[in-house]
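Counting starts at 1 for both ligands and their atoms, following the listed order.
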Amino acid sequence: MPAFIDKAYIENTLAGAQNASDAEITRILDKAERFEGLTHKEVAVLLNLRDEKHTARMFEIAHKIKQHIYGNRIVLFAPLYVSDFCVNGCKYCGYNCTHGFERRRLSMDEVRAEVRQLESMGHKRLALEAGEDDLNCPLSYILDVIKTIYDMKFENGEIRRVNVNIAATSEENYKRLHEAGIGTYILFQETYHEPTYREMHVSGPKADYEYHTTAFDRAMRAGIDDVGAGVLFGLYDPKFEVLGLMLHNEHLEKEFGVGFHTISVPRIRRAKGAVQTEYPYSVDDETFKKLVAVIRLAVPFTGMIISTRESLTMRKELIRLGISQMSGGSSVEVGGYTAAKGGSGQFEVADGREASDVVGWIMDEGMTPSFCTACYRSGRTGDRFMSLAKTGNIKNVCLPNALMTLQEYAMDYGDEEFRKKAAETIRRELPGILSDKIRVKTAGNIERIKNGERDLYI
Ligand code: SF4
Ligand code: SF4
């Protein structure tokens with residue numbers, strides 16, 4: 001077990017936080033309200049809130065943080081599954097090696113076809129997904145896919161950021177991924193509880209808890225400074241998992257000066273071919289909202305992501321509590337964007353709407369969809385991103401970029417009704433840009449985009 005995740009310590013911390021006084025809880029909530037973030041011990045207290053009054057205040061603060069730091073924006077992305085070959089026996093996953101189905105990996109022509117389809121939906125930011133199989137899906141293949149995607153140019157631009165979600169690997173391999181220009185390296189811990197981890201990961205390289213849990217250390221040593229974490233809620237006690245996330249984050253901050261760039265919050269869902277079908281730790285909606293709110297208070301500058309695993313109703317509520325990124329129009333099958341649906345996905349999707357419907361819906365909800373990828377392309381990654389975020393300057397950057405990318409989307413993918421909606425959103429949000437200079441520049445850039453220019457950002 002890596003030193004930063006100590007099972008007994010987590011259990012004791014959670015137990016010791018159960019009887020925090022009213023004054024202590026108020027102190028912690030006040031601190032969170034000042035956007036100062038929380039220590040793992042303070043998080044343990046919030047995970048044990050029982051008084052409705054405190055919970056209600058926690059939700060209010062989560063909403064306040066969301067509005068203050070992320071405003072009305074929701075950044076959109078799409079997953080791209082390139083290979084479902086997998087040598088691991090993760091019991092909860094439809095791709096586990098005991099599930100007999102015809103596996104495949106995309107040829108480069110198929111990758112191009114999928115990316116063309118995704119680009120025609122307006123996506124600029126992808127999350128590349130693949131199972132673990134060195135023989136059928138070696139790193140050289142993943143690097144080829146990344147290059148293929150970045151080399152593609154379309155009439156309306158290109159895919160501008162490829163985040164990568166592949167198995168834990170060596171420092172040497174992370175260096176190669178870094179050199180390929182990936183965005184965030186995403187790896188879900190699934191569970192920080194080692195006995196559960198061992199029970200769920202019965203075979204394959206991923207069964208090595210230590211190697212998996214220390215993957216971000218190797219990635220960061222290799223130069224990747226944007227890493228995206230997550231646990232699969234439902235495998236074990238969610239309080240334990242959130243504290244595990246916090247300790248992991250603190251470890252990276254201490255060792256490398258920067259913690260998680262994003263945290264994903266997937267909840268377990270049924271999957272065709274999964275070995276395990278019952279989950280005693282399944283998280284209900286009310287508990288889930290509390291977990292999202294606690295994380296929002298604890299790490300206010302870390303992006304929070306939900307996937308299409310969540311229903312429309314839950315997505316609506318979670319956005320208000322801190323979610324800043326979501327996928328839209330997603331397929332969780334290899335080749336799923338160009339083929340008829342109904343093949344073997346990694347899990348079942350709850351929100352099956354088209355991307356354009358999701359984008360329109362975000363605006364109907366009074367929010368601003370964003371296709372921004374500016375930070376990564378301006379070299380604002382890792383601690384450079386965090387210092388920008390912490391000084392509050394992100395507001396003068398994210399909102400202008402969201403509005404410019406929305407204008408681009410409206411011009412390139414929207415019909416007349418959509419353009420009207422986008423124009424209303426832009427009119428409403430533009431005054432929210434605090435700096436006069438940047439507001440004027442953004443308005444000017446929006447006109448330039450209307451006149452045919454593309455890819456303008458701050
Ligand atoms: Fe393979 Fe990932 Fe599924 Fe595990 S979770 S079986 S590693 S695809
Ligand atoms: Fe994300 Fe940076 Fe764009 Fe803001 S400006 S939405 S932080 S990429």
For this session: Quick one: do Tyr413 and Glu119 satisfy side chain to side chain donor-acceptor pair (under 3.5 Å)? Show the steps, please.
Result: CA-CA 10 Å; Tyr413 310 98; Glu119 204 281 337; 2.6 Å; yes
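- Close approach of ligand 1 to Cys93 (heavy-atom distance below 4.0 Å) involves ligand atoms 3 (Fe), 5 (S), 6 (S), 8 (S).
- Atom 4 (Fe) of ligand 2 has Cys398 SG as protein N, O or S atoms under 2.8 Å away.
- Contact atoms of ligand 1 toward Cys86: 1 (Fe), 6 (S), 7 (S), 8 (S) (distance under 4.0 Å to a heavy atom of the residue).
- Ring geometry, Phe35 versus His68: the interplanar angle falls under 30°, so the pair is classed parallel (tilted spans 30 to 60°).
- Between His212 and Tyr197, the two ring planes are tilted [angle within 30° to 60°].
- The nearest protein atom to atom 7 (S) of ligand 2, hydrogens excluded, is given as Phe385 CE1, 3.3 Å; this is a heavy-atom distance.
- Cation-pi geometry between Arg105 and Phe85 is not satisfied (NZ or CZ under 6.0 Å from the ring centre, within 45° of the ring normal).
- For Phe418 and Tyr409, the ring centers are positioned less than 6.0 Å apart.
- The aromatic ring centres of Phe77 and His123 sit 6.0 Å or more apart.
- No more than 12 heavy atoms of other residues, nucleotides or ligands sit less than 6.0 Å from atom NZ of Lys437.
- Those atoms of ligand 1 with a heavy atom of Cys90 less than 4.0 angstrom away are 4 (Fe), 5 (S), 6 (S), 7 (S).
- Taking the ring centre of Phe288 as origin, the terminal cationic atom of Arg267 falls inside the region bounded by 6.0 Å and 45° from the ring axis.
- Ligand 1 places these atoms under 4.0 Å from at least one heavy atom of Asn88: 6 (S), 7 (S).
- The six-membered or imidazole ring of Phe216 lies away from that of His251, with a centre-to-centre distance of 6.0 Å or more.
- The side chain of Arg125, and not its backbone, has at least one atom closer than 4.0 Å to an atom of ligand 2 (non-hydrogen atoms only; side chain from C-beta on).
- Close approach of ligand 1 to Asn96 (heavy-atom distance below 4.0 Å) involves ligand atoms 6 (S).
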